[in-house]
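Working notes, structure below.
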Number of protein chains: 2
Amino acid sequence: MSTVPPFNPDPDAPVYLYEQVADHLQARIEAGEIGPRLPGERALMDEYGVAHGTIRKATDLLRERGRVVTLPGKGTFVRKGE
Amino acid sequence: MSTVPPFNPDPDAPVYLYEQVADHLQARIEAGEIGPRLPGERALMDEYGVAHGTIRKATDLLRERGRVVTLPGKGTFVRKGE
DNA sequence: TTTCATTTGTTCGTATGTATT
DNA sequence: CAATACATACGAACAAATGAA
């Protein structure tokens with residue numbers, strides 16, 4: 001059970017910030033660190049130190065990847081299964 | 001560690017200006033003078049004293065050569081590796 | 001019922017950067 | 001060369017859905 005290293009965004013990396021956030025969240029999910037419900041968008045904003053839109057794009061990406069499902073007004077949840 | 005000589009475009013050379021700019025940028029990249037993120041297009045316009053389109057063609061060339069990767073809205077980045 | 005807190009969803013304005021005309 | 005469009009990212013505010021008191 002190794003923990004996921006802290007989020008360390010690289011502004012000079014050829015990768016969008018929201019994608020870096022999504023990758024980090026996915027790593028935490030697969031490490032079992034978060035779930036079945038993800039922290040709220042505002043909590044994630046604080047955790048990652050990024051703006052609302054960036055968190056939304058990150059979770060959009062995870063949803064496109066099929067890792068999470070989100071219910072408006074309820075939350076974003078880790079999708080079970082492989 | 002020698003620095004790259006200043007940009008000195010030769011109007012009489014049988015080489016397009018944007019190619020001369022690209023070659024100079026590539027030399028600076030390989031000399032480690034710039035990167036991992038290239039200056040913005042407007043900054044490069046000022047540095048080289050050329051028009052926007054010339055800078056764009058130069059970076060297009062670098063991209064075709066596989067030396068840089070560009071992400072719209074984020075920037076143009078030196079590609080790591082050989 | 002209404003009220004309240006929480007959470008997702010949307011929009012506006014500003015800044016920076018690339019892309020297009 | 002200039003102007004415009006598009007995309008990321010930030011900050012702020014507000015709306016809408018949910019659930020519990």
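Throughout, protein chains are lettered first and strands after them, A, B, ... in sequence-line order, and every chain is numbered starting at 1.
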Report yes if a side-chain nitrogen or oxygen of [X] is closer than 4.0 Å to either non-bridging phosphate oxygen (OP1 or OP2) of [N]; otherwise report no.
X	N	answer
B/R56	C/dT18	no
A/R37	C/dT7	yes
A/T70	C/dT7	no
A/K57	D/dT8	yes
A/Y16	D/dA7	no
A/T76	C/dT7	no

Mapping B/A51 and A/V50 onto DNA chain D by nearest heavy atom, which one lands closer to the 5' end?
->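 Per heavy-atom nearest nucleotide, the more 5' residue is B/A51.
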
B/P72 or B/G49, whichever maps to the more 5' nucleotide of DNA chain D |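 Counting from the 5' end, the first nearest nucleotide belongs to B/G49.
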
Beyond-backbone contact of B/E19 with B/K57, side-chain heavy atoms, under 4.5 angstrom =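 Result no, sub-4.5 Å side-chain heavy-atom pair not found.
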
Please indicate whether A/F77 has more than 12 foreign heavy atoms, meaning atoms of other residues, nucleotides or ligands, lying under 6.0 Å from its CZ.
->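 Atom CZ in A/F77 is packed in, count exceeds 12.
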
Between [X] ([atom1]) and [N] ([atom2]), how many Å, whole number?
X	N	atom1	atom2	result
A/L71	D/dA17	CG	P	13 Å
A/Y48	D/dC10	OH	C1'	18 Å
A/K74	C/dT7	NZ	C1'	11 Å
A/L44	D/dC10	CG	P	13 Å
B/I55	C/dA19	CD1	P	13 Å
B/L38	C/dT16	CG	P	19 Å
A/R63	C/dT8	CZ	C1'	10 Å
A/F77	C/dT6	CZ	C1'	12 Å

Would you kindly check whether a donor in the side chain of A/R42 faces an acceptor in the base of C/dG9, or vice versa, at under 3.5 angstrom?
->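 Checked by distance alone, the answer is yes.
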
hbond_proxy B/H52 side chain to C/dT18 base (donor-acceptor, 3.5 Å cutoff) |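 For B/H52, whose side chain was compared with the base of C/dT18, there is no donor-acceptor pair (under 3.5 Å).
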
So, does B/R79 use its side chain to make a donor-acceptor pair with the main chain of B/G66 at under 3.5 Å?
->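 A pair under 3.5 Å: yes.
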
Nearest to the side chain of B/E41 - C/dT18, C/dT8, D/dA9?
->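 Selected nucleotide: C/dT18.
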
Within one Ile-Leu-Val-Met-Phe-Trp-Tyr cluster: B/V69 and B/L61, side-chain cutoff 4.5 Å |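 B/V69 and B/L61: separate clusters.
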
Using a 4.0 Å heavy-atom cut-off across all strands, classify A/G53 as base, sugar-phosphate, or nothing.
->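 No contact at all - A/G53 keeps every heavy atom at 4.0 Å or more from the nucleic acid.
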
B/T76 vs B/L62, side chain to side chain contact (heavy atoms under 4.5 Å, CB included): CA-CA, chis, key distance, verdict | CA-CA 10 Å; B/T76 295; B/L62 291 181; over 6 Å; no

